[in-house]
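Inspection log for the structure reproduced underneath, given as structure tokens.
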Number of protein chains: 2
Amino acid sequence: MRTAQRPTLEAVAARAGVSRATVSRVVNGSTTVAEPIREAVTRAVAELGYVPNLAARSLVTQRTDSIALVMPEAATRVFSDDQVFPGIIRGVSQELEAADKQLVLMLAGSPAGHHRVERYTTGRHVDGVLFASLHGADPLPGTLARLGIPVVVSGRPLGDAPVPYVDVDHVGGVTAAVRHMIDSGRRRIATIAGPQDMVAGIERLRGYRATVADAGLPELIAVGDFTRESGSAAMRRLLIEHPELDGVFAASDLMAHAALRTLREAGRRVPEDVAVVGFDDIETAAYTEPPLTTVRQPIVELGRRMTRQLLRLAAGETIEQAVMLPTELIRRASA
Amino acid sequence: MRTAQRPTLEAVAARAGVSRATVSRVVNGSTTVAEPIREAVTRAVAELGYVPNLAARSLVTQRTDSIALVMPEAATRVFSDDQVFPGIIRGVSQELEAADKQLVLMLAGSPAGHHRVERYTTGRHVDGVLFASLHGADPLPGTLARLGIPVVVSGRPLGDAPVPYVDVDHVGGVTAAVRHMIDSGRRRIATIAGPQDMVAGIERLRGYRATVADAGLPELIAVGDFTRESGSAAMRRLLIEHPELDGVFAASDLMAHAALRTLREAGRRVPEDVAVVGFDDIETAAYTEPPLTTVRQPIVELGRRMTRQLLRLAAGETIEQAVMLPTELIRRASA
DNA sequence: CAGGCGTTAGAGAGCGCTCTCTTGACACAA
DNA sequence: TTGTGTCAAGAGAGCGCTCTCTAACGCCTG
């Protein structure tokens, strides 16, 4: 069974009574083939159930028609409860489907895993590489770019390598969130920040600081890592250090969700005593108690845009170094 | 840049002063190479930064060292809020990493997408195919199996093709859940069932019916599709049709979550008036109000086992037609 | 010391495809 | 009729690798 011979170009050519080259032309859509011959070839392809051997094609064209999407394995854990991880994949997948290219997904967990990613991508086994949710200043994207391998990352890269990226407007979203609380009379607005080795964490904290500073309000900061657990811990710390707080901006919905519960356990009412705003607009946000006001980011679109940029790059076009996607404040009951 | 010549076997051979065949032996770990020569080759490989061209290798070995994971695109939407989708990917990824194989992810949304999957997988561009979360009786797994292409699916396939599968013990989990409610005195236990074109939906309903029948209790059934929206609607219907109910088993945590809210809105207290049990044990389950009692399924392990089975199959071993993974009742406050 | 054997390295074919170059056919002008 | 130009189709090289077959070499045996 395993040796079931698949028909080759040769076989199709023989059946259609033409040369290999002509079959290749038809299969690849060349225009310089007379109609009757094209038809004969098409028929032969159908009759034989011919499918081109991609390995053979890649060998000569130097293209693989596949691109890699690299994510830290932690992303599947940290984000396991929201749609960031599946959302990006969905967006990438949609665009690649349209371009008839394959998606090779690489979750880099261990250092060994990272090395494997490096070997694979630098080995030019893919036509381009997408990086999502980078932690810290990974040198790999820069290395690939220098090798001339098309790369696009999500979020402004922390290193100094000039790698093209697509990001959402963190600062704009956070500003809208914090202003919303200020406008409704809050004056002691704290933040539960995200991890400071990720752009999303850094930018969202930056937005918070700028906005409260602008309004002449104090900075009340506790740092989490985007997870619910860290959100509970941070909220508890904030309540101890700043019991007077009347608003909380959490850098992720997961942390906001945990904060909601912690506040309730501490006897604070939301939104009467404390307003809470999150970031992400995960599906759960509409089902928390009370429903969470939050900043929506276009996550599927992020995946799509990254992919489109990468494909353009791979096609030899020059692309914008940075693309920024808008965020939007979704008002529910928590603030 | 794009034409930057990568070193070939030939180049390594020249540098090491040996033949191509010998370099190939060293690279592929053959034992029949004398130590000094092996060392010389290894050094040449390092110096030149040689990376084998996978396309060329595939062309002759007829292997691709990559496997496809096929999911309906809906899976990323329906499950966007729980860990099924990322969990399976993580499990698959872990095992493939250990085996040094690549993961090609295919989300089949449209009929065109499904056709693309069919073309790609039947074209033997991968060494094996994993199917997750099948809807209905997709003929593709059976077709591939008949072509001699290694296939493993998640969940007992609904068609009659004898395709090897890995599944969790739905019935066992549901039985434990419903018995738990019976044991605590509930006598009017309803279910919010999952979609009846998916094994998970069918099996969980089967488990419910068997257990209530066994206890001489009535069947109170409303069907949803695993999403929160459908869960709310189903819960409302149940309250109208069976206002006397004192327990609800929801076939997914998402539906259970929505039921919790709907019950509260209807003035029913959980668990005092109505006990609620879900299925999946998503992370949110621990954060609902009240925290949700639910059935945990080992989702990462599911991905891992599927992959291990597939790799064994691809290696020519014969494998069990069915593998069943245990489920476990997690008791929290809702029942 | 011839003959046989086991072991290691090289030679060379060929995997299935694309793409350049060449040939062939035909139309039209001189 | 011959020459020129245009366009479609074929011939053939070669992409980088693996793997079989063969050659070379050293060692043991009779």
Side-chain angles (χ1 to χ4, degrees), chain A residues 2-42 44-45 48-66 119-120 122-127, chain B residues 2-42 44-45 48-66 119-120 122-127:
Chain A
R2 304 222 54 192
T3 52
Q5 279 315 325
R6 297 167 49 200
T8 67
L9 257 202
E10 192 79 51
V12 177
R15 176 141 194 153
V18 299
S19 73
R20 254 193 352 264
T22 300
V23 178
S24 177
R25 287 188 186 99
V26 173
V27 169
N28 293 290
S30 163
T31 50
T32 65
V33 179
E35 196 46 46
I37 294 200
R38 144 167 284 119
E39 257 174 40
V41 171
T42 309
V45 165
L48 263 32
Y50 170 75
V51 180
N53 180 318
L54 263 29
R57 177 180 287 170
S58 289
L59 189 55
V60 24
T61 60
Q62 308 278 40
R63 282 181 298 104
T64 63
D65 287 327
S66 64
R119 202 159 35 87
Y120 190 75
T122 58
R124 295 182 186 268
H125 301 317
V126 286
D127 295 344
Chain B
R2 304 223 55 194
T3 52
Q5 280 313 327
R6 297 167 48 199
T8 67
L9 254 202
E10 192 77 52
V12 177
R15 175 140 197 153
V18 299
S19 73
R20 254 191 355 263
T22 300
V23 179
S24 177
R25 287 188 186 99
V26 173
V27 170
N28 292 289
S30 164
T31 50
T32 65
V33 180
E35 197 46 48
I37 294 200
R38 143 169 284 119
E39 257 175 40
V41 171
T42 309
V45 165
L48 262 32
Y50 170 75
V51 181
N53 180 318
L54 262 29
R57 177 180 287 169
S58 289
L59 189 55
V60 22
T61 60
Q62 307 279 36
R63 282 180 297 103
T64 63
D65 288 327
S66 64
R119 200 160 36 87
Y120 190 76
T122 58
R124 294 181 187 269
H125 302 316
V126 286
D127 296 343

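In what follows, every chain begins at residue 1, and chains take the letters A, B, ... in the order their sequences are listed. All values reported here derive from a predicted model rather than from experimental measurement.
Among residues two or more places apart in sequence or in another chain, the ring pair (Phe, Tyr, Trp, His ring centres under 6.0 Å) test is passed with B:Tyr120 by B:His125. Residues forming a side chain to side chain donor-acceptor pair (under 3.5 Å) with B:Glu39 (at least two apart in sequence, or on another chain): none. Remark: A:Arg57 pairs with no residue by the salt bridge (charged side-chain N to carboxylate O under 4.0 Å, His left out) rule, at least two apart or across chains. With sequence neighbours excluded, no residue forms a side-chain contact (heavy atoms from CB on, under 4.5 Å) with B:Val60. Listed by chain and residue number, B:Glu10 satisfy the side chain to side chain donor-acceptor pair (under 3.5 Å) test with B:Arg20 (two or more places apart in sequence, or in another chain). In this structure B:Arg38 satisfies the side chain to side chain donor-acceptor pair (under 3.5 Å) test with no other residue, sequence neighbours excluded. Listed by chain and number, the residues in a side-chain contact (heavy atoms from CB on, under 4.5 Å) with B:Ala56 are A:Leu59, B:Asn53 (sequence neighbours excluded). Shown here are the side chain to side chain donor-acceptor pair (under 3.5 Å) partners of B:Thr22, two or more places apart in sequence or in another chain: B:Ser19. With sequence neighbours left out, A:Ser24 forms a side-chain contact (heavy atoms from CB on, under 4.5 Å) with A:Leu9, A:Asn28.
In this structure, the helix from C:dC1-D:dG30 to C:dA30-D:dT1 shows an angle of 60° between the axis at its start and the axis at its end, each fitted on 5 base pairs and rounded to 10°.
If you take CZ of B:Arg38 and P of C:dT8, they are 11 Å apart, rounded to a whole angstrom. Atom-to-atom, CG of B:Leu9 to P of D:dG14 comes out at 18 Å; the value is rounded to the nearest Å. In this structure, B:Glu10 places its CD atom 10 Å from P of C:dA11, rounding to the nearest Å. Per the geometry, CZ belonging to B:Arg63 stands 14 Å off C1' belonging to C:dC15, to the nearest Å. To the nearest angstrom, C1' of C:dG24 lies 13 Å from CD1 of A:Ile37. In this structure, CD of B:Gln62 is placed 14 Å from P of D:dT18, rounded to the nearest angstrom.
Residues from residues 51-60 of chain A lying near DNA chain D, meaning a heavy-atom separation below 4.0 Å, are A:Leu59, A:Val60 in numerical order. Non-hydrogen atoms lying under 4.0 Å from DNA chain D are contributed by A:Val18, A:Ser19, A:Arg20, A:Ala21, A:Thr22, A:Arg25, all within residues 18-25 of chain A.
Taken to the nearest 0.5 Å, the CG atom of A:Leu48 stands 12.0 Å off from the CZ atom of A:Arg6.
In this structure, A:Asp127 contributes its side chain and A:Arg63 its backbone to no donor-acceptor pair below 3.5 Å.
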